[in-house]
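Okay, structure first, notes after.
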Amino acid sequence: MTTAQPLDVTPTPLALLLLGREADPRSERGVECPGDLPSPSDPDLVERARAAKEKLGDKVFVLGHHYQRDEVIQFADVTGDSFKLARDAAARPEAEYIVFCGVHFMAESADILTTDAQAVVLPDLAAGCSMADMATAEQVAECWDVLTDAGVADQVVPVSYMNSSADIKAFTGKHGGTICTSSNAKRALEWAFEQGEKILFLPDQHLGRNTAVRDMGMSLTDCVVYNPHKPNGGLTAEQLRDAKMILWRGHCSVHGRFSVESVEDVRARIPGVNVLVHPECKHEVVAAADYVGSTEYIIKALEAAPRGSKWAIGTELNLVRRLANRFADEDKEIVFLDKTVCFCSTMNRIDLPHLVWTLESLADGKLVNRIEVDPETEKYAKLALERMLALP
């Protein structure tokens, strides 16, 4: 009988982070939020938030992403998608504090676009983004080495979705690429193909594929998926040379849940329903839908919809529920596309207790949970964002 030898395994920094044995403020996975939060059962939370915000006056500007809880949205000075909110923050230089009720990468973008005199605050540092987590700076650098070894790096232009970390935006800026949103992805890809023959699309494979195939007429065979967890991304040099779109193997944990079965089921249950989905959904879901568009597109489509129309929406549940309530008096039937309840779990970390703690801390002169992007990263990330702003 042989005795098993102990394995000599050294945990990676990522493994330690996931085990809760390390902290990384730069990680989208976030870290424990410091400070003593008020109890969520405190009946005075709304009044406390209102009082602290009034005390701060024009010194504070509160941004609320569309996917936030209603209890938080009620205190937002403006609402919108991630890039709209970052630009709104940049347009308010008189605000000393920018409280971003969203997730980590959004607060980073706001810090990049605002002045050094402004402090961007995230009420809960653990509010990250699973999609942004799927592409780290180290993984993307390794990918570029693979592209270089395959002899195609000089033909590749990186295009990164707004839903990415500042590190990935900086990589994009350094390598001559641009950022895109779900609203302007087609324009970004058109620009990138004017600069090079291939695109490395980070980190959401579905938005990249849907834009290339649905909006630009490419074929699915023009796209390959780079898997950072496999040697050489799981691709051969020949596959990389033949591809036009090199899609990073990333996705949104909310939009990725919708299926063709969800579409078929809602059509069977609600005759005459219009299916409207976000382009972060899988390609087959987008192909089965009636309409496809960004969060802002979804809102505008429902605003323009005729009275009595029926809609099944494939995006985050907080927004869908808010829209259903908003248009109920117009007899617009608005339902969530899937039967399974699916909130964005990280976005929902920003709740009323965290917001109250943040506002009261700021009102007492204590700066908490500041999000700061280092100057070198900011320089190149801003370059990539500016390229996007310059798109026709």
Side-chain angles (χ1 to χ4, degrees), residues 83 105 131-132 134-137 139-165 167-228 230 232-252 278-283 286 292 294 380-381 383-392:
F83 187 59
F105 78 80
M131 181 197 296
M134 293 177 191
T136 67
Q139 289 173 331
V140 176
E142 182 178 339
C143 172
W144 199 255
D145 289 341
V146 171
L147 298 179
T148 301
D149 291 343
V152 299
D154 59 346
Q155 306 166 32
V156 175
V157 177
V159 175
S160 292
Y161 190 22
M162 179 64 67
N163 298 29
S164 59
S165 68
D167 287 334
I168 301 306
K169 291 183 176 72
F171 168 89
T172 304
K174 279 185 179 180
H175 291 84
T178 187
I179 308 303
C180 76
T181 68
S182 52
S183 299
N184 69 4
K186 181 183 177 183
R187 281 186 290 162
L189 293 194
E190 288 172 341
W191 173 88
F193 277 122
E194 292 171 359
Q195 319 305 313
E197 300 174 23
K198 305 173 186 293
I199 289 174
L200 171 62
F201 194 88
L202 300 153
D204 179 20
Q205 61 170 305
H206 301 307
L207 177 61
R209 182 183 295 107
N210 289 329
T211 305
V213 176
R214 180 180 181 273
D215 299 336
M216 299 181 68
M218 295 186 207
S219 70
L220 289 172
T221 55
D222 289 323
C223 306
V224 295
V225 178
Y226 182 95
N227 185 341
K230 291 185 177 181
N232 298 317
L235 299 169
T236 64
E238 183 180 6
Q239 287 175 305
L240 290 170
R241 286 193 289 267
D242 290 343
K244 292 182 180 178
M245 292 287 295
I246 302 166
L247 306 170
W248 193 264
R249 190 175 181 270
H251 65 275
C252 170
H278 195 281
E280 289 176 18
C281 292
K282 298 172 185 174
H283 180 67
V286 164
V292 182
S294 66
Y380 288 104
L383 178 61
L385 286 166
E386 287 172 342
R387 288 193 185 116
M388 180 182 75
L389 292 172
L391 290 174

How about E386: does its CD atom have over 12 heavy atoms from other parts shown lying under 6.0 Å from it? yes

Measure from the side-chain N and O atoms of R241 to the backbone N and O of V152, and report whether any donor-acceptor pair falls under 3.5 Å. no

Verify side-chain contact (heavy atoms from CB on, under 4.5 Å) between T181 and M388, making sure each step is shown before the conclusion. CA-CA 9 Å; T181 68; M388 180 182 75; 4.0 Å; yes

Could you list all the ring pair (Phe, Tyr, Trp, His ring centres under 6.0 Å) pairs where at least one residue sits in residues 175-222, not counting sequence neighbours? W144-H175, F171-H175

Sequence neighbours left out, what passes side-chain contact (heavy atoms from CB on, under 4.5 Å) with V213? Give chain and number order. R209, L220, C223, H283

Are any of the side-chain heavy atoms of V146 and L240 separated by less than 4.5 Å? yes

Show the nearest heavy-atom pair for residues V286 and C281, with the distance to one decimal. CG2-O, 3.9 Å

Can you sort out the partners of S219 under side-chain hydrogen bond (donor to acceptor under 3.5 Å, both in side chains), two or more places apart, ordered by chain and number? T221, D222

Here the gap from I179 atom CD1 to S164 atom OG, rounded to the nearest 0.5 Å, amounts to 5.0 Å

Minimal heavy-atom distance between I199 and V159, with the atoms involved, is CG2-CG2, 3.9 Å

Is a donor on one side and an acceptor on the other found under 3.5 Å between the side chain of N210 and the backbone of P279? yes

How far apart are the C-alpha atoms of N232 and D149, what are their side-chain angles, what is the distance that settles it, and do they pass the side-chain contact (heavy atoms from CB on, under 4.5 Å) test? CA-CA 10 Å; N232 298 317; D149 291 343; 5.8 Å; no

From T178 atom OG1 to L383 atom CG, the distance as rounded to the nearest 0.5 Å: 9.0 Å

Kindly determine whether R249 and K230 satisfy side-chain contact (heavy atoms from CB on, under 4.5 Å), including the steps that lead there. CA-CA 11 Å; R249 190 175 181 270; K230 291 185 177 181; over 6 Å; no

CD1 (I168) and CE (M134) are apart, to the nearest 0.5 Å, by 13.5 Å

Please list all pairs passing the side chain to side chain donor-acceptor pair (under 3.5 Å) test where one or both residues lie in residues 152-161, with sequence neighbours left out. S160-T172, Y161-E280

Any side-chain heavy-atom pair of K198 and L147 under 4.5 Å: no

With sequence neighbours excluded, residues passing side-chain contact (heavy atoms from CB on, under 4.5 Å) with D242: E238

Closest non-hydrogen contact found for A132 with F105 is CB-CD2, 4.4 Å

Heavy-atom pair with the smallest gap, counting every atom of V292 and H278: CG1-C, 4.3 Å

Show the nearest heavy-atom pair for residues V140 and A135, with the distance to one decimal. CG2-CB, 4.2 Å

In Å and rounded to the nearest 0.5 Å, what is the OG1 to CE distance from T211 to M218? 9.5 Å

Any non-hydrogen side-chain atom of N163 less than 4.5 Å from a side-chain atom of D204? no

Are the side chain of K169 and the backbone N or O of M162 linked by a donor-acceptor pair below 3.5 Å? yes

So how far is it from L207 CG to L202 CG, rounded to the nearest 0.5 Å? 11.5 Å

CZ of R387 to CD of Q195: how many Å apart, nearest 0.5 Å? 8.5 Å

Go through C143 and L200 one step at a time and tell me if the side-chain contact (heavy atoms from CB on, under 4.5 Å) criterion holds. CA-CA 10 Å; C143 172; L200 171 62; 4.1 Å; yes

Which residues share a ring pair (Phe, Tyr, Trp, His ring centres under 6.0 Å) with F83, sequence neighbours left out: none

Provide the closest heavy-atom pair for Q239 versus G234 in the form atom of the first, atom of the second, distance. OE1-O, 4.1 Å

